[in-house]
Amino acid sequence: MKKTKVVIATVAAIAAAVSLSGCVAPENENGVTGGDTGIFAPDENLPETPVLPEETPPSPEEKPVIPQPPKPKTVTYLNVTADGVNIRSGAGTNYGVKGAAEKSTMYALNGQTDGWYKTGYKNGSAYISSKYCKEIEMLASDDGRVEAVIAEGTKLLGTTYVYGATRYHDGNGKLLSGFKTSAFDCSSLMQYIFYKGAGVNLQLTTRTQIYQGKTVTKSQLKRGDLMFFTNETRKDNVGVERVGHVALFLGDNWILHTASDYAKIEQISSKRWSYFIQGQRIL
């Protein structure tokens, strides 16, 4: 009876082994099994996964280039350092004297040669020795018309002041006979340079020009604005009758104007500031 049970067990074991051999895939030569186990041997017919090049990390010494804002444009002037400095027709003491410059007034810098500065004077060219000048830079306006108006004014520095001088035009652009660039008062000078520099028609007097453009306060003044003042004889008047003078603001407390003697660029004195009424922005 025991022998019969052993034989039956042996036959069952052999049957089980045969049955399992149909479920397990044989190992290949590399010891990797195949079949439905979910683990596959590499297939030589499948395309290889491309190898991407590694990115080179930036060098720690390399820094990003940050664009710099453009440098503000400037205009250079000549500041006279002594009184009675000769203004000559050429670059040298052998040239004739066209006039004299006051201390602390300014002139345009239009060139330099052999120790002499070229500038504008009485609607022509003139020269001042570099021994008696220092260069001063001022910020230029972003509006080219403003700079063109100022440039017209610097050509006329030194021109004689004449009260009631003949205007360049009638206020509407019609040119008037009898006009000469050898004589200006404050409002006729502003009218002329705005027309020549920017094609703008200013009216005939300070008391009509003050109504043109946009009104600005002292703190709002910009290069190229007109500045209107009263004066000793009009300060007690009311309304527009207080207005007695007009000048062109250049910035940094400098004005271009003509008042009682000749056209010049000078600092605004504390007394003149006490007479300030308002500014008008034309451009």
Side-chain angles (χ1 to χ4, degrees), residues 75-80 84-92 95-102 104-113 116-129 132-133 136 138 140-141 144-171 173-206 209 223-224 226 245-250 254-266 282-283:
V75 181
T76 305
Y77 293 93
L78 306 173
N79 186 268
V80 182
V85 176
N86 287 328
I87 301 175
R88 297 184 178 272
S89 60
Y95 287 90
V97 176
K98 300 179 72 173
E102 295 177 56
S104 300
T105 57
M106 290 207 305
Y107 293 81
L109 173 54
N110 297 333
Q112 188 173 6
T113 179
W116 291 80
Y117 287 116
K118 183 179 181 181
T119 189
Y121 189 72
K122 294 184 177 180
N123 207 32
S125 294
Y127 293 82
I128 304 176
S129 172
Y132 306 106
C133 296
I136 290 181
M138 298 178 65
S141 170
R145 298 172 302 166
V146 169
E147 293 306 315
V149 168
I150 295 171
E152 289 295 329
T154 62
K155 295 176 184 177
L156 298 169
L157 299 177
T159 303
T160 302
Y161 173 89
V162 174
Y163 179 77
T166 302
R167 272 54 184 154
Y168 185 56
H169 61 78
D170 66 352
K174 181 181 179 181
L175 303 187
L176 300 177
S177 61
F179 168 80
K180 296 180 181 179
T181 58
S182 57
F184 289 98
D185 63 12
C186 63
S187 54
S188 69
L189 178 63
M190 296 301 110
Q191 188 199 59
Y192 178 80
I193 64 177
F194 268 87
Y195 186 88
K196 297 292 285 186
V200 173
N201 292 330
L202 291 186
Q203 292 301 309
L204 303 180
T205 70
T206 55
Q209 291 175 357
R223 184 172 170 86
L226 291 179
H245 185 61
V246 62
L248 187 69
F249 185 64
L250 302 186
W254 293 93
I255 51 173
L256 188 158
H257 70 147
T258 185
S260 75
D261 46 12
Y262 59 88
K264 64 180 70 173
I265 296 174
E266 65 180 351
I282 307 299
L283 297 172

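Positions are given from 1 along the sequence.
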message = With side chain to side chain contact (heavy atoms under 4.5 Å, CB included) as the criterion, how do His169 and Asn201 come out once you've worked through the C-alpha distance, each side chain's angles and the decisive distance to 0.1 Å?
response = CA-CA 8 Å; His169 61 78; Asn201 292 330; 3.8 Å; yes
message = Set out, in order, the CA-CA distance, both residues' side-chain angles and the distance that settles side chain to side chain contact (heavy atoms under 4.5 Å, CB included) for Tyr117 and Thr76, then state yes or no.
response = CA-CA 12 Å; Tyr117 287 116; Thr76 305; over 6 Å; no
request  = I would like to know whether Glu102 and Glu266 meet side chain to side chain contact (heavy atoms under 4.5 Å, CB included); could you show each step before the answer?
outcome  = CA-CA 10 Å; Glu102 295 177 56; Glu266 65 180 351; 5.5 Å; no
message = Walk me through whether His257 and Cys186 qualify under side chain to side chain contact (heavy atoms under 4.5 Å, CB included).
response = CA-CA 6 Å; His257 70 147; Cys186 63; 5.7 Å; no
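Here OG1 of Thr160 is found 12.5 Å from NZ of Lys180. Values are rounded to the nearest 0.5 Å. Taking OG from Ser141 and CG from Leu283, the interatomic distance works out to 8.5 Å, rounded to the nearest 0.5 Å. Considering CD1 of Ile87 and OH of Tyr107, their distance stands at 4.0 Å, rounded to 0.5 Å. Atoms OH and CG, on Tyr195 and Leu175 in that order, are 5.5 Å from each other to the nearest 0.5 Å. A distance of 5.0 Å separates CD1 in Ile265 from CG in Leu157, rounded to the nearest 0.5 Å. A distance of 9.0 Å separates CD1 in Ile128 from OH in Tyr121, rounded to the nearest 0.5 Å.
Summarising the geometry of Leu189 relative to Ala263, their closest heavy-atom pair is CD2-CB, 4.3 Å, with the distance given to 0.1 Å. Residues Ala140 and Val75 come closest through the heavy atom pair CB-CG2, 3.6 Å. Annotation for Ala247 and Met190: closest pair C-SD, 4.1 Å, computed over non-hydrogen atoms. Lys98 approaches Ser89 most closely through the heavy-atom pair CD-CA, 3.7 Å. Contact record, Asp185 with Gly164: OD2-N, 3.0 Å, taken as the closest heavy-atom pair. Of all non-hydrogen atoms in Lys122 and Gly158, the two that sit nearest each other are CE-O, 3.1 Å.
Listed by first and then second residue, the salt bridge (charged side-chain N to carboxylate O under 4.0 Å, His left out) pairs that reach into residues 187-204 come to none, sequence neighbours excluded.
Side-chain atoms of Thr119 come within 3.5 Å of backbone atoms of Ala108 as a donor-acceptor pair (strictly under, hydrogens ignored). A donor-acceptor pair is defined here as one N or O able to donate and one able to accept, closer than 3.5 Å; no such pair exists between the side chain of Gln191 and the backbone of Arg167. Using a distance-only test at 3.5 Å, with no hydrogens or angles considered, a donor-acceptor pair links the side chain of Gln203 to the main chain of Gly171. The main-chain N or O of Ala259 is never found under 3.5 Å from a side-chain atom of Lys264 such that the two would form a donor-acceptor pair. At distances below 3.5 Å, not a single donor-acceptor pair connects side-chain atoms of Arg88 with backbone N or O atoms of Gly96.
Considering Leu248, Val149, Leu202 as possible partners of Ile282, the one that fulfils the side-chain contact (heavy atoms from CB on, under 4.5 Å) test is Leu202.
Phe184 and Tyr192 have tilted rings, their planes meeting at an angle from 30° to 60° on a 0 to 90° scale. Between Tyr168 and Phe179, the two ring planes are perpendicular [angle over 60°; tilted spans 30° to 60°].
Contact of the Asn123 side chain with the Thr159 side chain is not registered, since no non-hydrogen atoms from C-beta on lie closer than 4.5 Å. Taking 4.5 Å as the limit, some side-chain heavy atom of Thr154 sits within range of a side-chain heavy atom of Tyr77.
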